[in-house]
Amino acid sequence: MNAATHVAPIIMAENDSLVRDFPLRPFAIRHMLAGHPLLTLPRIAELAATLPRDLIEYNSGAAAISQDPSSVPAVDLDPVEIVNRIETAGAWMVLKRIDTSPAYRALLTDTLLSVARARGFDSLEAAGFSQIEGFLFVSSPNSTTPFHLDAEDNFFVQIHGEKIFAIFDNSDGTIADEAQIEHATAEHRNLPYNDSFEPRGTHFDLLPGDGCYVPYTWPHWVRTARSYSISMAITWKTDEVRRLNDLRVVNSMLRRVGAPQATPGQSPMWDSLKLAILRTGRGAVEPLRKSETMRRVLRRIALGKNANYYLKA
């Protein structure tokens, strides 16, 4: 899937936003994925039945925009039940790393390849799309995804139902400072929100076929309307994003032992040493990550005792 010559447009944007605004600012997109057979409730229920449990997160949709992550209401259903009963379950669910399924992987890469072509590139690699991952969201009516940030770039596409997607400009660090970005990258993504942020927000009203581009670490909250919702996030990480994320993971580990670190980029030599140590260690333990139990253990060691917050006891 490296040649773009046979890929029809799947994601489109007006006013040359894919060239002019990408990747610096959010913008509206249109897409051709609504109604795709892989993105229907029966097919999503099949996927939920086969994904490893640590790749599924769910809770009550009755959350606040500024939600304390330690007190998120739970839902006492298993993942497949939530999908099958989503209209009445009062739940919010995300199926992570759907790219581990070959069928979904092909859907994600074809979609991003159409973006690469629209931007004048002949391959995913040339366009900077690497470490491509997918996340499927299934939400009950009137559910809220709390204010948070994500450690990757993201094309968010609405498949069924209606969503309000509010994205906030944090380019000057006044909404979330480096310590908060570090915590959201390495531990829990939620951020505190207050109404003073509102003038810095861009709101997208999304119906099936709509979507938006979410830049790296731009905070956002999301809310469904009167129907259940199916959405998908198509994400990737550039080399620079991977570097920043790795440094923030190391910095978070050091902060927990009482050694807060400078913002990435302020001490390039020290950054290089931290990256070398982390990546060497990661390479040594990577074979262990085939086991779900070991993934839980490694997350706890690297990211702290609350790193597996989304897993029931």
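Just so it is clear, the model here is predicted, and its values are computed rather than measured. Only this structure's heavy atoms are used, side chains among them; waters, hydrogens and symmetry mates stay out.
- Not one N or O on the side chain of Ser252 forms a donor-acceptor pair closer than 3.5 Å with the backbone of Arg248.
- The six-membered or imidazole ring of Phe155 lies near that of Trp236, with a centre-to-centre distance under 6.0 Å.
- Residues Ile132 and Val157 fall within the same hydrophobic cluster, defined by Ile, Leu, Val, Met, Phe, Trp and Tyr side chains chained together at heavy-atom separations under 4.5 Å.
- Using bins of under 30°, 30° to 60° and over 60° for the plane-to-plane angle, the ring pair Phe137/Phe156 lands in the tilted bin.
- Proximity of a side-chain donor or acceptor of Asn59 to a complementary backbone N or O of Pro73 within less than 3.5 Å is not detected.
- The number of heavy-atom neighbours closer than 6.0 Å to CE of Met12, taken from other residues, nucleotides and ligands shown, is above 12.
- Between Ile175 atom CD1 and Leu191 atom CG the span is 9.0 Å, to the nearest 0.5 Å.
- If you run salt bridge (charged side-chain N to carboxylate O under 4.0 Å, His left out) between Asp239 and each of Arg243, Lys237, Arg242, only Arg242 comes through.
- Taking every heavy atom of both residues into account, Pro219 and Phe147 meet most closely at CB-CZ, 3.3 Å.
- Salt bridge Arg30/Asp210: present, at least one basic N to carboxylate O contact under 4.0 Å.
- When all heavy atoms of Ile167 and Pro26 are compared, the pair lying nearest together is CD1-CB, 3.8 Å.
- Separation of atoms CD (Gln261) and CE (Met253) is listed at 11.5 Å; rounding is to 0.5 Å.
- Of the possible donor and acceptor atoms, one in the side chain of Arg53 sits under 3.5 Å from a partner among the backbone N and O of Ile56.
- Between Ser130 and Glu125 there is no side-chain heavy-atom pair separated by less than 4.5 Å.
- Rounding to the nearest 0.5 Å places CH2 of Trp92 at 10.5 Å from CD1 of Ile82.
- Between Glu162 and Arg226 there is no salt bridge, since no side-chain N of the basic residue sits under 4.0 Å from a carboxylate O of the acidic one.
- Here the side chains of Ile181 and Asn170 are in contact, with some heavy-atom distance below 4.5 Å.
- At least one donor-acceptor pair closer than 3.5 Å links the side chain of Asp99 to the backbone N or O of Gly134.
- The shortest distance between side-chain heavy atoms of Glu57 and Met93 does not fall below 4.5 Å.
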Please lay out, stage by stage, how Thr263 and Glu178 fare under the test side-chain hydrogen bond (donor to acceptor under 3.5 Å, both in side chains). CA-CA 7 Å; Thr263 299; Glu178 176 59 28; 4.6 Å; no
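- Ion pairing between a basic and an acidic side chain is recognised when a charged N comes within 4.0 Å of a carboxylate O; Arg105 and Glu133 show no such pairing.
- Counting heavy atoms from C-beta on, the side chains of Ile164 and Val222 never come closer than 4.5 Å.
- Checking side-chain atoms of Gln180 against main-chain N and O of Asp177 turns up a donor-acceptor pair under 3.5 Å.
- In this model, no donor atom of one side chain and acceptor atom of the other lie less than 3.5 Å apart for Thr202 and Arg25.
- For the pair Thr144 (side chain) and Ala64 (backbone), a donor-acceptor distance under 3.5 Å is absent.
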Starting from the C-alpha separation in whole Å, work towards a yes-or-no answer on salt bridge (Lys or Arg N to Asp or Glu O under 4.0 Å) for Glu187 and Arg255. CA-CA 12 Å; Glu187 299 187 41; Arg255 186 184 297 274; over 6 Å; no
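- With hydrogens and angles disregarded, no donor-acceptor distance shorter than 3.5 Å links the side chain of Arg117 to the backbone of Pro9.
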Working note: Asp78 + Tyr58, criterion side-chain hydrogen bond (donor to acceptor under 3.5 Å, both in side chains); need CA distance, chi angles, decisive distance, verdict. CA-CA 9 Å; Asp78 70 40; Tyr58 58 94; over 6 Å; no
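- Atom NE2 in His31 sits 8.5 Å away from atom CD1 in Ile234 (nearest 0.5 Å).
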Under the side-chain hydrogen bond (donor to acceptor under 3.5 Å, both in side chains) criterion, do Asp21 and Tyr213 qualify, and how do the steps go? CA-CA 10 Å; Asp21 296 327; Tyr213 167 64; over 6 Å; no
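- Residues Arg200 and Asp172 are paired through a salt bridge, judged by an N-O separation under 4.0 Å between the basic side chain and the carboxylate.
- More than 12 heavy atoms of other residues, nucleotides or ligands lie within 6.0 Å of CG in Asp68, so this atom counts as buried by the packing criterion.
- The main-chain N or O of Glu152 is never found under 3.5 Å from a side-chain atom of Asp150 such that the two would form a donor-acceptor pair.
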Which is it for Thr111 and Met32 under the side chain to side chain contact (heavy atoms under 4.5 Å, CB included) test, yes or no, and what are the steps along the way? CA-CA 9 Å; Thr111 300; Met32 306 295 290; over 6 Å; no
Assess whether side chain to side chain contact (heavy atoms under 4.5 Å, CB included) is satisfied between Asn84 and Glu81, documenting all intermediate values. CA-CA 5 Å; Asn84 289 334; Glu81 285 182 298; 5.8 Å; no
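- A ring-centre distance under 6.0 Å is found for Tyr193 and Phe168.
- A continuous path of Ile, Leu, Val, Met, Phe, Trp and Tyr side chains, each step under 4.5 Å between heavy atoms, connects Val115 with Leu33, placing both in one hydrophobic cluster.
- Looking only at side-chain heavy atoms (C-beta outward), Phe204 and Cys212 come within less than 4.5 Å of each other.
- Within a 6.0 Å radius of CD in Glu14, other residues, nucleotides and ligands contribute 12 heavy atoms or fewer.
- Between Glu198 and His203 there is a side-chain heavy-atom pair separated by less than 4.5 Å.
- Remark: side-chain polar atoms of Thr224 are paired, donor with acceptor, to backbone N or O of Asn142 under 3.5 angstrom.
- The CG atom of Leu107 sits 7.0 Å away from atom CD1 of Ile98, with the distance rounded to the nearest 0.5 Å.
- Remark: Ile230 CD1 to Lys163 NZ distance equals 10.0 Å, nearest 0.5 Å.
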Candidate pair Ile277 and Val250, rule side chain to side chain contact (heavy atoms under 4.5 Å, CB included), full reasoning: CA-CA 9 Å; Ile277 293 171; Val250 176; over 6 Å; no
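- Contact check for Phe27 versus Phe22: side-chain heavy atoms found under the 4.5 Å cut-off.
- Nearest heavy-atom pair, Asp271 versus Gly265, reported as atom, atom and distance to 0.1 Å: OD2-N, 2.8 Å.
- Listed here is the closest heavy atom pair of Ala48 and Val83: CB-CG2, 4.4 Å.
- Checking side-chain atoms of His220 against main-chain N and O of Trp218 turns up a donor-acceptor pair under 3.5 Å.
- In this structure, Pro69 and His148 have side chains that are not in contact, with every pair of non-hydrogen atoms separated by 4.5 Å or more.
- Scanning all heavy atoms of the two residues, the minimum distance from Pro208 to Ala34 falls at CB-CB, 4.2 Å.
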Criterion side chain to side chain contact (heavy atoms under 4.5 Å, CB included) on Thr50 and Leu47, from CA distance to verdict: CA-CA 5 Å; Thr50 59; Leu47 180 64; 4.3 Å; yes
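- Between Asp246 and Arg282, at least one side-chain nitrogen of the basic residue sits less than 4.0 Å from a carboxylate oxygen of the acidic one, meeting the salt-bridge criterion.
- Counting all heavy atoms, side chain and backbone alike, Ala13 lies closest to Ile29 at CB-CG2, 4.3 Å.
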For residues 35-45, tabulate all N or O donor-acceptor pairs below 3.5 Å that involve a side-chain atom, not counting sequence neighbours.
unit_1, atom_1, unit_2, atom_2, d
His36, ND1, Leu38, N, 3.1
Thr40, OG1, Pro37, O, 3.2

